[in-house]
Amino acid sequence: MNSSTIRRFALPTIIVLGVLLRIYWFCCNPSLWIDEAAVANSIVKYSAGQLCVKPLDNAQMAPVGFLLVEKLFGSLGNYSESSLRLFSLLSGIAALVMFWRLARQLCDGLPLVFAVALFSFSGPLIYHSSEVKQYETEVLAAVVILWLVVRLRDGLTAKQALAAGVAAAICVWFAFSSIFVIAGALATLWVCFLSKKEWQNVARIAGIVGLALASFVAYYIFIIRPSANLAVQQSAYEGHFAPWPVSLRALLWYARTGYLALGDPFGVSLDVNLPFLPHSATLKYLATLSYPAIALCGIGVYQFWKDNRTLGCLLGSPLVLALVASLLGKYPLLERHFLFFVPSFCLLLAKAVEAMAVEAKAWPGKRQLISRALVVWTLLYVVVNLGAKVARPALFGGMKHSTMREAIRYINEHYQKGDEVYILWNAVPFYTYYGYRYDLNWSPQISGDPRIGAHSLDEIRARVKHDVQAGVAGHARTWFLMEEVYSLINYTDEKGVTHDIETPTADLYQEVLSTDDKGKIPAKFIGHGAAAYLVVNEK
């Protein structure tokens, strides 16, 4: 298949399928998960002006530009899930089209098809394109910045410099991670022009940096730094800041983080939740890891170092800057926080494919077969991952997938006059949003968080038992609503040591709410990430 045929048929097909897959997931319209619900509640509650200065519910943080667009779309659509997810959908489609335009500047033929296919069929990118979170705008901002900078690598006019500076300044307000892409890419170009003594280009790049830096400083001083949620966020991500690589434990952290990133957000490893994978944790790790993608990544890094170090630094420097920020405790590195690097990662693998295609004619037959196997195997992982999720949409998002909307509807449909509804602390954001969206027949009691101040698991169990007794007392029928998955039990003992127990909170409540011989729980809803129980008080 020659380049013209690929451009005419394969690429448009891949792009159209990518758009349709994003629209498909948008139309699935799943329940919000807890962080989405928290952001949605803030968008509903606050005016546009307040969203710029008020801390978001549940210690959430999101770029102001994203929040303002969400407020606009939400107000036009009665704050429905679809209206709040529309901006992410549009960002996802725009990112796909812009990535194609970026990729065709750097590669052609099979490598171009490979890069666009990786981006188009990425399960994590499809998931984030219908999420009430800013993650898809992070991807879009990264693609736009790289597209602009790549176009300027051979020189720029004053008009191009102004346009790039304005675009960079705007991106800062829509994507936190855009500062890494802007700083890394522009620093690379600046050094390149400086080494060639192209002083006019050096000055113009400095002007772009000045506009972007002024925008970031203003955003940091007036928006980020005053936020009461900043310290909470840093504390919540304490285990996800990069350690200095000076011990075996630190090196294992990098290995684990890299393994997780290959699956989410890069989307080239199999999802560990796929039903056909082995149950053994060790075997599952070995089966899901995309060895071909790791090999291609290594080849791509080597080839950029060999052929075009400027372009390699332009694509790779944002990740280096993010790593430095993480080492300083300023930026956590957890799956979705790598989204800004997805475009560069796809291009890195495409570079490897290009290098193998160029040298294939000189390679013996077995080496050609190996090179083609690496490409096919990598795409096979992506396609199997995506196919399983299209066939079973509950797999999209992994533990973020929630059926809390259905649990709340279940209570509403089976509610009887005089029933008490007791909502656990971890389900409050959901009730707040869906209580606004739907005409619920009840007003609930809200439980406290039994983990706060607890120094042992037994103390948490005692508090849970007290919660249940308080909810049931004085009522013939009591409903309990809880978030099931995002409920890791943790506590700090008297010595100040934090203990994490991988047990959903619902399991602890089930110990108390378990059915007895007399049928104490005549009705219940057990879904993904949500549970609702009806308890009949027989006394």
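The structure displayed is predicted, hence computed values, not measured ones.
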Plane angle bin for F176 and Y219 - parallel if under 30°, tilted between 30 and 60°, otherwise perpendicular:
tilted

Might you work through the side chain to side chain contact (heavy atoms under 4.5 Å, CB included) test for L67 and Y46, ending with a clear yes or no?
CA-CA 10 Å; L67 292 173; Y46 296 133; over 6 Å; no

Distance-only donor-acceptor check, side chains T288 and Y259, under 3.5 Å:
yes

For the atom pair CZ (F87) and CD (E131), what is the distance rounded to the nearest 0.5 Å?
13.5 Å

Carefully, step by step, assess R409 and Y438 under the rule side chain to side chain donor-acceptor pair (under 3.5 Å).
CA-CA 9 Å; R409 284 177 173 173; Y438 303 124; 3.1 Å; yes

Enter the distance from T403:OG1 to I408:CD1 here, rounded to the nearest 0.5 Å.
10.0 Å

F525 vs Y410 aromatic rings, parallel, tilted or perpendicular, using cut-offs 30° and 60°?
tilted

Please work out which of the three classes, parallel, tilted or perpendicular, describes the rings of Y331 and F180, given edges at 30° and 60°.
perpendicular

Qualifying residues under salt bridge (Lys or Arg N to Asp or Glu O under 4.0 Å), relative to K45, sequence neighbours excluded:
D57

Assess whether side chain to side chain contact (heavy atoms under 4.5 Å, CB included) is satisfied between E138 and R336, documenting all intermediate values.
CA-CA 10 Å; E138 303 270 347; R336 54 193 177 273; over 6 Å; no

Electrostatic pair E36-K400, nearest N-O below 4.0 angstrom
no

Taking the side chain as every heavy atom from C-beta outward, state whether I208 and L211 have any pair of such atoms under 4.5 Å apart.
no

Under 3.5 Å, side chain of S326 to main-chain N/O of A322, donor-acceptor pair present?
no

Side chains of K351 and D307, heavy atoms from C-beta outward: is any pair under 4.5 Å?
yes

Check whether W25 forms a cation-pi arrangement with R22 (NZ or CZ under 6.0 Å from the six-membered ring centre, at most 45° off the ring normal).
no

Pairwise distance CG(L148) to CG(L102) - rounded to 0.5 angstrom:
10.0 Å

Flag, side chain of W305 to backbone of G312, donor-acceptor distance under 3.5 Å
no

Let me confirm one number: the NE2-CG distance from H528 to N273, rounded to the nearest 0.5 Å.
6.5 Å

Is the side chain of S88 donor-acceptor paired with the backbone N or O of E136 at a distance under 3.5 Å, no angle test?
no

For L327, all residues meeting side-chain contact (heavy atoms from CB on, under 4.5 Å), sequence neighbours excluded
A242, W244, Y254, L323

Check: T378 side chain, L374 main-chain N or O, donor-acceptor pair, under 3.5 Å:
yes

